Amino acid sequence: MLNSHLPAEFLNILKPRLPEMLAILHRFVTAESPSLEKPAADLCCGIVADEWLRCDAKVERIGQKSRGDHLRVIYADQSRPVGQLTVLGHYDTVYSVGTLAKTPFRISGGKAYGPGTFDMKAGIVQALFALQALQQTKLALRKRIVFLWTSDEEIGSESSRKLIEAEARRSDAVFVLEPSFGRRGLLKTTRKGVGEAELSVRGRASHAGLAPQEGINAVHELAAQLTRIEKWNDPRRGVSINADIIEGGTRTNVIAEQARAVLDLRALKASDMRALERRLHALRPIHKGARLDIKGGFDRPPLERKVSAALFERAKSLARQMNLRLGECTAGGGSDGNFTGALGILTLDGLGAVGDGAHSSHEHVFIKTMPSRAALLAALLADT
Ligand SMILES: [Zn+2]
């Protein structure tokens, strides 16, 4: 167990460094880094890498063809570390280049505003200063720490998933620097699994007036299927299925030959996730002659509380040593923590910034909380 003064010592080290934290946050936010614009994302990747290079850490840039490069930072203060801890986050944002001109980085009323401040560039800044605080206290770290900053979390982590899972498998615990929830900065100890499926229907076109009996109406079939599917929603179990997009048919007077729906899938438990997928793929046509095609499923499994409970208890007690009270919540959306948790690796998510307005024009972080959040991470890294 960690010396009980250490969390407070980290906080004392970090509090006066808030202006430096904000200067780096400014630098990170000014480098716009949309998931889908590689040249811009790569520039941001380089700026993030520069800050970590200053920390005496090994910085590896993992080149990507169509996405921004990923960044792996390895820090070990002894030659034979016993075990590994992974700190996980993403530097990509949902904002295309040019957003900054409309909503520039600014600090006002104790908040730092700007695209990607909260989700999750402030989290990367906090991790950077957590490492510096660890270095300053000259604590002998037993474990190697790997910081992974990826470029495509906001679009499903297709290019980074393998890397994330490989580092997680080597780790005793994974700390995810995604934003916390609400003003109290609740950690995310449970996250729903998230997926997307497409249900396509093929019918047969025919003249709606002259030969309706020869047609098979794909729109009617889809509507009937959606009525059936809607009943699968089970809010008490945290299961939801929603048709977010539908389209079908060609013109009036013609019986619709095709139709399709894009479905949003969510579940709190892995067993419910699998059951939902099975049901979806077992759908059979209701109208005679109609054909169904179902593609997709869950891409992020749920993050279940059993993988975060123990780390959360530790985080709570470390926070108490800094006179902070830490709470927890369930998030309806997924993160890369879902991947690591699904491997059975202890995972604690929502350790990043405290703020609000993710993915909106009023995105911001509460700047006063940045040093304490960084101190909490430092304490967790020292104590796990
Ligand atoms: Zn995020």
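Keep in mind that what you see is a predicted model, and the values were worked out from it rather than measured. In listed order, ligands and their atoms are each counted from 1.
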Checking Arg300 against Ser157: is there a side-chain donor and acceptor pair closer than 3.5 Å?
yes
Looking only at heavy atoms, which two atoms of Gly341 and Val307 are closest? And how far apart?
O-CG1, 3.7 Å
Any N/O/S atom, side chain or main chain, of Asp119 closer to the Zn ion (ligand 1) than 2.8 Å?
yes
Please say which of Lys316, Lys188, Arg184, Arg305 ends up in a salt bridge (Lys or Arg N to Asp or Glu O under 4.0 Å) with Glu328.
Arg305
Geometric class of the His26/Phe105 ring pair [parallel <30°, tilted 30-60°, perpendicular >60°]:
parallel
Only N/O/S atoms count here: what is the atom of Glu178 closest to the Zn ion (ligand 1) called?
OE1
With a cut-off of 2.8 Å, does Glu154 put an N/O/S atom close enough to the Zn ion (ligand 1)?
no
